[in-house]
Amino acid sequence: MSFAVQQRGSLQVTGVAHRTPARAMPSMAVRSSLIAAAPAPARRQQQRRRPSPPVLAASKVYEGSLVGTGMKFGVVVARFNELVTKLLLDGALGAFSRHGVAADDIDVAWVPGSFELPVVAKAMAKSGKYDAVVTIGVVVRGATGHYDTVVGGATSGALGAATDTGVPVVFGVLTCETMEQALDRAGGKTGNKGGEAAVTAVEMASLLRDLRAEGKAAERWL
């Protein structure tokens with residue numbers, strides 16, 4: 001604060017001149033609170049970017065081929081909801097053909113329902129005659145009161161058949177709320193899941209074949 005004197009004729013007027021104080025820098029706590037209150041883009045600019053971890057190169061990468069020439073496949077189909085399972089089977093057979101699998105290298109076994117799929121799939125896998133097995137079925141909640149039991153048994157059974165034999169057992173069972181949903185997935189709006197299951201079987205069989213050829217995967221434990 002300083003005093004200024006102004007001459008007005010013979011009268012001196014003494015006043016007080018105020019100096020605007022310099023803007024003080026906010027403290028560390030205040031700056032932290034400002035950063036926290038700032039919008040997300042501003043906060044990101046304030047933060048240091050951590051470098052991404054280096055990607056380690058693998059010595060060799062294995063991927064299954066989609067060419068099934070010379071390989072053999074088993075298909076187990078549930079007769080229950082046959083209207084849909086036949087469409088799924090047609091999709092699977094068509095996909096096998098497009099991916100180089102000869103018709104003579106595909107065996108189809110029919111069972112009463114989806115709950116019976118695992119036992120036949122496991123028996124076929126244990127035979128040693130197939131490179132992979134596909135299970136096809138349809139379980140519709142509105143058509144059966146024991147939906148969860150059937151779905152759980154078919155799912156765990158197919159998984160067990162694969163892990164107990166070392167042969168891929170592909171789960172191609174539709175689990176739907178309505179028959180309309182099932183038809184959509186059997187060649188309707190969302191494609192044919194039977195064909196997708198067949199392609200998965202070809203890829204898995206090819207992958208295991210290549211790994212086993214180099215001694216990098218265990219042989220089938222039938």
Which atom pair, heavy atoms only, marks the closest approach of [X] to [Y]?
{"X": "Leu208", "Y": "Gly166", "result": "CD1-O, 4.0 Å"}
{"X": "Arg220", "Y": "Gly128", "result": "NH1-O, 3.1 Å"}
{"X": "Phe73", "Y": "Ala201", "result": "CE2-O, 3.7 Å"}
{"X": "Ala217", "Y": "Arg212", "result": "O-CG, 3.6 Å"}
{"X": "Leu88", "Y": "Gly172", "result": "CD1-O, 4.5 Å"}
{"X": "Pro118", "Y": "Gly153", "result": "CG-O, 3.8 Å"}

Using a 4.5 Å cut-off on heavy atoms from C-beta on, say whether the side chain of [Y] contacts that of [X].
{"X": "Val75", "Y": "Asp107", "answer": "no"}
{"X": "Met179", "Y": "Val84", "answer": "yes"}
{"X": "Val173", "Y": "Val138", "answer": "no"}

Give every donor-acceptor pair under 3.5 Å between a side-chain atom in residues 91-103 and any protein atom, sequence neighbours left out.
{"residue": "Arg98", "atom": "NH1", "partner": "Gly94", "partner atom": "O", "Å": "3.4"}
{"residue": "His99", "atom": "ND1", "partner": "Leu66", "partner atom": "O", "Å": "2.8"}

Give a yes or no answer on whether the side chain of [X] reaches the backbone of [Y] with a donor-acceptor pair at less than 3.5 Å.
{"X": "Ser206", "Y": "Ser65", "answer": "yes"}
{"X": "Asp131", "Y": "Met71", "answer": "no"}
{"X": "Thr85", "Y": "Gly137", "answer": "no"}
{"X": "Ser114", "Y": "Val150", "answer": "no"}
{"X": "Glu203", "Y": "Val199", "answer": "no"}
{"X": "Arg141", "Y": "Tyr147", "answer": "no"}
{"X": "Trp221", "Y": "Thr163", "answer": "yes"}
{"X": "Glu214", "Y": "Leu211", "answer": "no"}

Hey, any chance [X] and [Y] share a hydrophobic cluster, counting ILVMFWY side chains that come within less than 4.5 Å of each other, even indirectly?
{"X": "Met204", "Y": "Val76", "value": "no"}
{"X": "Val139", "Y": "Val119", "value": "yes"}
{"X": "Leu89", "Y": "Leu183", "value": "yes"}
{"X": "Met124", "Y": "Val169", "value": "yes"}
{"X": "Leu117", "Y": "Val133", "value": "yes"}

Can you tell me how far [atom2] of [Y] sits from [atom1] of [X], rounded to the nearest 0.5 angstrom?
{"X": "Phe171", "Y": "Thr135", "atom1": "CZ", "atom2": "OG1", "value": "6.0 Å"}
{"X": "Asp184", "Y": "Lys193", "atom1": "CG", "atom2": "NZ", "value": "10.5 Å"}
{"X": "Ser127", "Y": "Leu222", "atom1": "OG", "atom2": "CG", "value": "8.0 Å"}
{"X": "Asp210", "Y": "Tyr62", "atom1": "CG", "atom2": "OH", "value": "8.5 Å"}
{"X": "Ile136", "Y": "Trp110", "atom1": "CD1", "atom2": "CH2", "value": "8.0 Å"}
{"X": "Glu196", "Y": "Thr190", "atom1": "CD", "atom2": "OG1", "value": "8.0 Å"}

- Task: Kindly check if the number of other-residue, nucleotide or ligand heavy atoms within 6.0 Å of NZ (Lys216) is above 12?
- Result: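 It does: Lys216 NZ has more than 12 such atoms within range.
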
- Query: Between Asp105 and Lys72, is there a side-chain N and carboxylate O pair less than 4.0 Å apart?
  - Reply: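 Yes, charged N to carboxylate O under 4.0 Å.
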
- Can a salt bridge be assigned to the pair Lys122 and Asp164 using a cut-off of 4.0 Å between side-chain N and carboxylate O?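 Between Asp164 and Lys122 there is a salt bridge, with a charged N closer than 4.0 Å to a carboxylate O.
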
- With Glu82, which residues qualify under salt bridge (charged side-chain N to carboxylate O under 4.0 Å, His left out), at least two apart?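 Salt bridge (charged side-chain N to carboxylate O under 4.0 Å, His left out) list for Glu82, sorted by chain: Lys86.
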
